[in-house]
Chemist: 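Mind having a look at this structure? Questions to follow.
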Amino acid sequence: MPELPEVEEVRRTLIAAVRDEIIDGVTVLRPDYVRHGRKTIRNLKGSGIIDITRLGKRLFWQLTPSACMVTHLGMTGRITLRPDDKPAEPHTHLVLGLKTGKFLHFSDARRFGGVWLYAAESQALQAHVTGRLGADALNLAVTDLDGWKQKRVPLKAELLSQKTVAGLGNIYVDEALWMARLHPLRRVDQLPHAARALLTHCIHEVLHASLAMGGTTLRDYRDANANAGRFAQSLNVYGRAGQPCRRCGTTLRKFLIAQRTTVICPKCQRAGRHRTEK
DNA sequence: TTAGGCCTGCAC
DNA sequence: GTGCAGGCCTAA
């Protein structure tokens, strides 16, 4: 399940391969996978790929002239570079041919991801981001969390929402909270500054550690060169319910928060006095 | 704020 | 065969 480190790894492997490439052909195999700009996506023929940036789990493809393609991998999305346009994977929804003879394949079994095409600097593109995505988790500053003082929301729900911190999913939220010894049901408005600073630090830590190993592959994730990530073996809580905490040996416990499986160490991550009442 | 829907593959 | 996994959006 691609979260920030996996998307960043895809971005890095992609940009190294396709910067300054020209799109020479557009094959839409599944029109409804293009969530915005379905009618104009074929006009990308002739467009150049200037850059690929990232905010949270989304990639922003800066294209000439004056277009921006947003991609989200959802749960099972892959963007892979192949030598031909023959769909190599099931559920290939979009293929972009490049002038140098390479092909970008967009596949996504569950179709939780998608592709959005906008005019560059358009209001629609702005709206795609505004109100939805907060600060990128990799560049998070403590001050980005100032708005939490007025928010009566459980920590985990807030982190998953992307609204303040963009890029974390179920895996890295659980990992960062364990590292910071914070209970996922703590209310964000009850976190003192020191806890917000610690959390910011731990988010950086876990993301950098994962990036250094090419991300986490549980099953589906691959980078643009079809390589899996190796961080799964370093996970401390995610998927380890019933196993001992690597810090204190206490048995890790699993429960649901906001419909998400959550794993914590009940000893390291105390609920505290300010737990969200449930 | 929460539940449901999207969607497929895989474990049971 | 059933149910679960999950990001994110919409509706109640």
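Because the structure is predicted, anything quoted here is derived from the model rather than measured. All heavy atoms count here, side chains included; hydrogens, waters and symmetry mates do not.
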Chemist: I need the CZ-C1' distance between A:R111 and B:dT8, as an integer number of Å.
Modeler: 9 Å
Chemist: Roughly how many Å is it from NE2 in A:H93 to P in B:dC6, rounded to a whole number?
Modeler: 16 Å
Chemist: Considering only heavy atoms of chain A and a distance under 4.0 Å, specify the first and last nucleotide of DNA chain C in 5' to 3' order that meet this criterion.
Modeler: C:dA5 to C:dC9
Chemist: Is A:R240 positioned over the aromatic face of A:Y238, cation under 6.0 angstrom from the ring centre and no more than 45 degrees off axis?
Modeler: no
Chemist: Starting at CG of A:D32 and ending at P of B:dC6, how long is that distance when rounded to a whole Å?
Modeler: 13 Å
Chemist: Base, sugar-phosphate, or nothing: which does A:Q162 touch, judged by heavy atoms less than 4.0 Å apart?
Modeler: sugar-phosphate
Chemist: Does NZ or CZ of A:R246 come closer than 6.0 Å to the centre of the six-membered ring of A:W178, within 45° of the ring's axis?
Modeler: no
Chemist: Nearest whole Å is fine: how far is B:dT1 P from A:E158 CD?
Modeler: 10 Å
Chemist: Please report, rounded to the nearest Å, how far the C1' atom of B:dA3 is from the CD1 atom of A:I257.
Modeler: 17 Å
Chemist: Given atom CG of A:L256 and atom P of B:dA3, what is their separation to the nearest angstrom?
Modeler: 10 Å
Chemist: For A:R260 and B:dG4, give me the distance from atom CZ to atom C1', rounded to whole Å.
Modeler: 12 Å
Chemist: Can you find a heavy atom in the side chain of A:L4 that is under 4.5 Å from one in the side chain of A:L168?
Modeler: no
Chemist: Indicate, with a heavy-atom threshold strictly under 4.0 Å, whether A:T76 touches base, sugar-phosphate, or nothing.
Modeler: nothing
Chemist: Could you tell me whether the side chains of A:E6 and A:Y172 share a donor-acceptor contact shorter than 3.5 Å?
Modeler: yes
